[in-house]
Asks: 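Sharing a structure with you now.
The sequence lines fix the lettering, A, B, ..., with proteins before strands; numbering per chain opens at 1.
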Amino acid sequence: DTEVTQTPKHLVMGMTNKKSLKCEQHMGHRAMYWYKQKAKKPPELMFVYSYEKLSINESVPSRFSPECPNSSLLNLHLHALQPEDSALYLCASSQGNGPNTGELFFGEGSRLTVL
Amino acid sequence: RKEVEQDPGPFNVPEGATVAFNCTYSNSASQSFFWYRQDCRKEPKLLMSVYSSGNEDGRFTAQLNRASQYISLLIRDSKLSDSATYLCVWLYGGATNKLIFGTGTLLAVQP
């Protein structure tokens, strides 16, 4: 079982809705990530938080708004999404520095459908 | 050119076969590489890190060739349970925590 918990597992929303995806880890990791994955494609990096500060934004549209309330939690706020935003949204965490920086622990993902 | 490229496959191999995947990268400043495995409809999981000196973990061997800018993964004595997508992952240099996934190679081990 993964130690990164994502909720909800499935979400269906209309283009005018506002919703949020949530992610939680209790491994003491200091880096947290949002990736987007479409079918038969690799995960695509969206955002990275390092020590609770946004360190990377991969030119993601502003209709996606990340938030890191504390070192264990990561949210992704969604507003005015488009149908092409339908995908699996994966949260991950890592130690954030040192030799294990490349070891990401992923949650099971939130499968988003935008109607 | 994508930063990290892989042959998408699928690689269809019989049980017991040896199979190798390559992953080429375009940024020579990249420092660290990893192989991840993703089962169908599951999250990716770290398989192994890739070191310049090469590293082995049971039936799996990973190599890094900086001169030619590729990494490789060799799987010996393939098992049915090895069927998955194998993704090479590149960590940008510096303290950026920027981990980029390659396109992935699908392996199907046949009985």
Asks: Considering residues, nucleotides and ligands other than A/M27, do more than 12 of their heavy atoms fall under 6.0 Å from its CE?
Replies: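 Counting other residues, nucleotides and ligands, CE of A/M27 exceeds 12 neighbours.
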
Asks: Which bit of B/Q38 comes within less than 4.5 Å of chain A, counting heavy atoms only: side chain, backbone, both or neither?
Replies: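 Side chain of B/Q38 only, per the 4.5 Å heavy-atom cut-off to chain A.
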
Asks: To the nearest 0.5 angstrom, please state how far the CD atom of A/E58 sits from the CD1 atom of B/I100.
Replies: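 Atom-to-atom, A/E58:CD and B/I100:CD1 are 5.0 Å apart.
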
Asks: Same cluster or not: are B/L99 and A/Y49 linked, directly or through other Ile, Leu, Val, Met, Phe, Trp or Tyr residues, by side-chain heavy atoms under 4.5 angstrom apart?
Replies: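 No, B/L99 and A/Y49 fall in different hydrophobic clusters.
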
Asks: Side chains of B/K98 and A/L45: does their closest heavy-atom pair fall under 4.5 Å?
Replies: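 Yes, side chains in contact.
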
Asks: To check you understand the geometry: which heavy-atom pair defines the closest contact between A/P43 and B/P44, and what is its length?
Replies: CG-CG, 4.0 Å

Asks: Check for me, please, whether A/M46 and B/V89 land in the same ILVMFWY cluster - side-chain distances under 4.5 Å, paths through other members count.
Replies: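 They do not share one cluster, since no chain of ILVMFWY contacts under 4.5 Å joins A/M46 to B/V89.
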
Asks: Sequence neighbours excluded, which residues qualify as side chain to side chain contact (heavy atoms under 4.5 Å, CB included) partners of B/S68?
Replies: B/N65, B/Y70

Asks: Treating Ile, Leu, Val, Met, Phe, Trp and Tyr as nodes and any side-chain heavy-atom pair under 4.5 angstrom as an edge, say whether B/Y36 and B/L74 lie in one connected cluster.
Replies: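 No, it is not one cluster - the side chains of B/Y36 and B/L74 are not joined through contacts under 4.5 Å.
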
Asks: Taking only residues two or more places apart in sequence, or in another chain, which ones meet B/D7 in a salt bridge (charged side-chain N to carboxylate O under 4.0 Å, His left out)?
Replies: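 None.
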
Asks: Sort by residue number and list every residue of residues 28-41 of chain A having at least one heavy atom under 4.5 Å from chain B.
Replies: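 So far as heavy atoms go, A/A31, A/Y33, A/Y35, A/Q37 are the residues that approach chain B to under 4.5 Å.
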
Asks: Report yes if the side chains of A/L104 and B/F101 come closer than 4.5 Å at any heavy-atom pair, otherwise no.
Replies: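 Of all side-chain heavy-atom pairs linking B/F101 with A/L104, at least one is under 4.5 Å.
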
Asks: For chain B, which residues of residues 78-93 of chain A have at least one non-hydrogen atom nearer than 4.5 Å to it?
Replies: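 Residues A/L90 are the ones that qualify, each having a heavy atom under 4.5 Å from chain B.
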
Asks: Could you grab the distance from atom NZ of B/K45 to atom CZ of A/F105, nearest 0.5 Å is fine?
Replies: 10.5 Å

Asks: Report whether A/L115 and A/L11 are members of the same hydrophobic cluster (ILVMFWY, side-chain heavy atoms less than 4.5 Å apart, transitive linking).
Replies: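 In one cluster: no.
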
Asks: Give the cluster check for A/L54 versus A/L74: same hydrophobic cluster or not, with ILVMFWY residues linked at side-chain heavy-atom distances below 4.5 Å.
Replies: yes

Asks: With rounding to the nearest 0.5 angstrom, report the OG to CG distance, A/S94 to B/L46.
Replies: 11.0 Å

Asks: Are B/R41 and A/R111 close enough that some pair of their side-chain heavy atoms sits under 4.5 Å apart?
Replies: yes

Asks: Considering only heavy atoms, which portion of B/L87 lies under 4.5 Å from any heavy atom of chain A: side chain, backbone, both, or neither?
Replies: side chain

